[in-house]
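Single-structure report; data block below.
Numbering of ligands and ligand atoms starts at 1, following listing order. None of the values given here were measured: they were computed from a predicted structure.
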Amino acid sequence: MAETIFSKILAGEIPADKVWDDPHCIAIRDISPQAPVHLLVIPRKPIETIDDAAPQDTALLGHLTWVAAEVARREGLGSNGYRLVWNCRDDGGQEVPHIHLHVLGGRRMKWPPG
Ligand code: AMP
């Protein structure tokens, strides 16, 4: 798979504000936050889009979801709530072709999303 900004962050070639690091994933602060708290949970495994996830990735996807909830809790978002988002390909607004779960919180989210 081609190099992306996230593969470079995972390789330590580009700095990031890391809030979680384990054998399966990292979580970092988004460089252009769309909410008072905006984190990205990024698997070490380079899967291009959530549409490319395979049945053998389900445990990893579950872990990423748990990490998202855990980092949200650590940011104090647990009681008021927050939003988790997977953007997928063009219509979903995905810019970086390495899956990442957005954690957005600290303000009231709108529905439907834009
Ligand atoms: P998406 O549009 O779902 O692909 O989201 C990509 C996200 O990565 C955007 O919210 C960007 O602001 C964020 N981003 C891009 N480069 C960096 C970086 N170097 N460090 C942290 N976040 C980044």
Worksheet item: Of all heavy-atom pairs between G106 and P36, which one has the smallest distance, and what is that distance?
Response: O-CG, 3.4 Å
Item to complete: Check ligand 1 against I28 and write out every atom of the ligand that is under 4.0 Å from a heavy-atom position of the residue.
Response: 21 (C)
Discussion item. Closer than 4.0 Å to some heavy atom of R29 - which atoms of ligand 1 meet that?
Written reply: 21 (C)
Discussion item. For the 3.5 Å polar cut-off, considering only N or O atoms, please tell me whether I5 and ligand 1 meet it.
Written reply: no
Worksheet item: Does ligand 1 have any atom that is closer than 4.0 Å to a heavy atom of G93?
Response: yes
Worksheet entry | Exam field: side chain D57 to backbone A54, donor-acceptor pair closer than 3.5 Å | yes
Worksheet item: How far apart are the closest heavy atoms of I47 and A53, and which atoms are they?
Response: CG2-N, 4.0 Å
Worksheet item: Quick one: does H98's side chain get under 4.5 Å of L10's, heavy atoms only?
Response: yes
Worksheet item: Is it the side chain (CB and beyond), the backbone, both or neither of N87 that lies under 4.0 Å from ligand 1, heavy atoms counted?
Response: side chain
Worksheet item: Can you tell me the protein heavy atom closest to atom 21 (C) of ligand 1 and the distance?
Response: I31 N, 3.3 Å
Discussion item. Run the side chain to side chain contact (heavy atoms under 4.5 Å, CB included) test on Q94 and T49 for me, step by step, so that the C-alpha distance in whole Å, both residues' side-chain angles and the decisive distance to 0.1 Å come before the verdict.
Written reply: CA-CA 8 Å; Q94 183 178 2; T49 79; 3.6 Å; yes
Worksheet item: Relative to the heavy atoms of H100, which atoms of ligand 1 are at a distance of less than 4.0 Å?
Response: 1 (P), 3 (O), 4 (O), 5 (O), 6 (C)
Discussion item. Do V41 and W20 make a side-chain contact, defined as non-hydrogen atoms from C-beta onward lying under 4.5 Å apart?
Written reply: no
Worksheet item: Is a donor on one side and an acceptor on the other found under 3.5 Å between the side chain of R83 and the backbone of H102?
Response: no
Worksheet, complete the sentence: re atom 4 (O) of ligand 1, the protein heavy-atom contact at minimum distance is E95 N, 2.7 Å
Fill in: Over 12 foreign heavy atoms within 6.0 Å of CG, D90
no
Discussion item. As an exercise, identify every atom of ligand 1 less than 4.0 angstrom from a heavy atom of S32.
Written reply: 12 (O)
Worksheet item: In terms of side-chain geometry, is the basic nitrogen of R44 or D22 positioned less than 4.0 Å from the acidic oxygen of its partner?
Response: no
Worksheet item: What are the atoms of ligand 1, with element, lying closer than 4.0 Å to any heavy atom of H102?
Response: 1 (P), 3 (O), 5 (O), 10 (O)
Worksheet item: Counting both backbone and side chain atoms, is some N or O of V96 under 3.5 Å from an N or O of ligand 1?
Response: yes
Discussion item. Taking 4.0 angstrom as the limit and counting only heavy atoms of L40, give me the atoms of ligand 1 inside it, by number and element.
Written reply: 8 (O), 13 (C), 22 (N)
Worksheet item: Does F6, backbone or side chain, put an N or O under 3.5 Å from an N or O of ligand 1?
Response: no
Fill in: Any D30 heavy atom less than 4.0 Å to ligand 1
yes
